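Here is the structure we will look at.
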Amino acid sequence: MTTESQEDSPAESEINDIETLKKTLAEEQEKSLKYLTSWQRAQADLVNYKKYVDLDKQESSKFANSTLILKLLPVMDDFDRALGSLSPDATSQAWVDGFRLINRKLQSILELQGVTEIKAKGKSFDPNFHEAVRQDKGEEGIVLDEVEKGYMFKERLLRASKVVVGTGEE
């Protein structure tokens, strides 16, 4: 028996080596495709994350003053109550004019920051902007009176208006 018959001929050996190399190459190409796909996904995730962070920063800076403004609203309410409860003979006094001036300045500062008052009286009740605190006789679903003013800050609701709503009874 010869050793050649037990071993592959050189041509057969080369064919086996080429087949092994082709198989290895295909496996490596498949791996590289998986790595490329994973890298592309990771890159897309990073881009999306950066966009999300930028939007979050913009939203945060846009509405950063909302907490301070929300704390100032009770002061506005107090001014409105104080000015609304004045007797007719007190309205001509100088200190009342000072109160009105302070109230107007505070309102204009808040307006410059993007705060707007929600007009409720005479409008249809909207639970997105109004909070019903009582019902009275009057046109059904219409705001009859405003107990506490509501405010918007830019395009967001800062505080809902507390209102009296009609029951439909005359």
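Just so it is clear, the model here is predicted, and its values are computed rather than measured. Position 1 is the first residue of the sequence, and the numbers go up from there.
Cluster membership check: L106 shares its hydrophobic cluster with I69, using side-chain heavy-atom separations under 4.5 Å among Ile, Leu, Val, Met, Phe, Trp and Tyr. Under a hydrophobic clustering in which Ile, Leu, Val, Met, Phe, Trp and Tyr are joined whenever their side-chain heavy atoms come within less than 4.5 Å, directly or via other members, V143 and V133 fall into different clusters. Criterion: ILVMFWY side-chain heavy atoms under 4.5 Å apart, direct or through other members. Under it, L101 and W95 are not part of a common hydrophobic cluster. V96 and F79 fall within a single hydrophobic cluster, where Ile, Leu, Val, Met, Phe, Trp and Tyr side chains are chained together by heavy-atom contacts under 4.5 Å.
The shortest non-hydrogen separation linking R159 to I118 is O-CD1, 3.9 Å. Taking both residues in full, the closest heavy atoms of V163 and A120 are given as CG1-CB, 4.0 Å, listed atom of the first, atom of the second, then distance. Between Y151 and E117, the shortest heavy-atom distance links the atoms CD2-CA, 3.8 Å.
Ring geometry for H130 versus F125: interplanar angle of 30 to 60°, hence tilted.
Sparse packing is recorded around CZ of F99, with 12 or fewer heavy atoms of other residues, nucleotides or ligands lying under 6.0 Å away. Remark: E155 CD is packed, more than 12 non-hydrogen atoms of other residues, nucleotides or ligands lying under 6.0 Å away.
Salt bridge K149/D80: present, at least one basic N to carboxylate O contact under 4.0 Å.
Pairs engaging residues 46-60 under the salt bridge (Lys or Arg N to Asp or Glu O under 4.0 Å) rule: E59-R156 [sequence neighbours left out].
Distance check: L158 CG to M152 CE gives 9.0 Å after rounding to the nearest 0.5 Å.
If you look at W39 and Y35, their ring centroids are not closer than 6.0 Å.
The side-chain contact (heavy atoms from CB on, under 4.5 Å) test applied to D78 returns R81, not counting sequence neighbours. Partners of I15 according to the side-chain contact (heavy atoms from CB on, under 4.5 Å) rule, which considers only residues two or more places apart in sequence or in another chain, are E19.
Partner E27 forms a side chain to side chain contact (heavy atoms under 4.5 Å, CB included) with one of K23, K31, E30 and no other, that one being K23.
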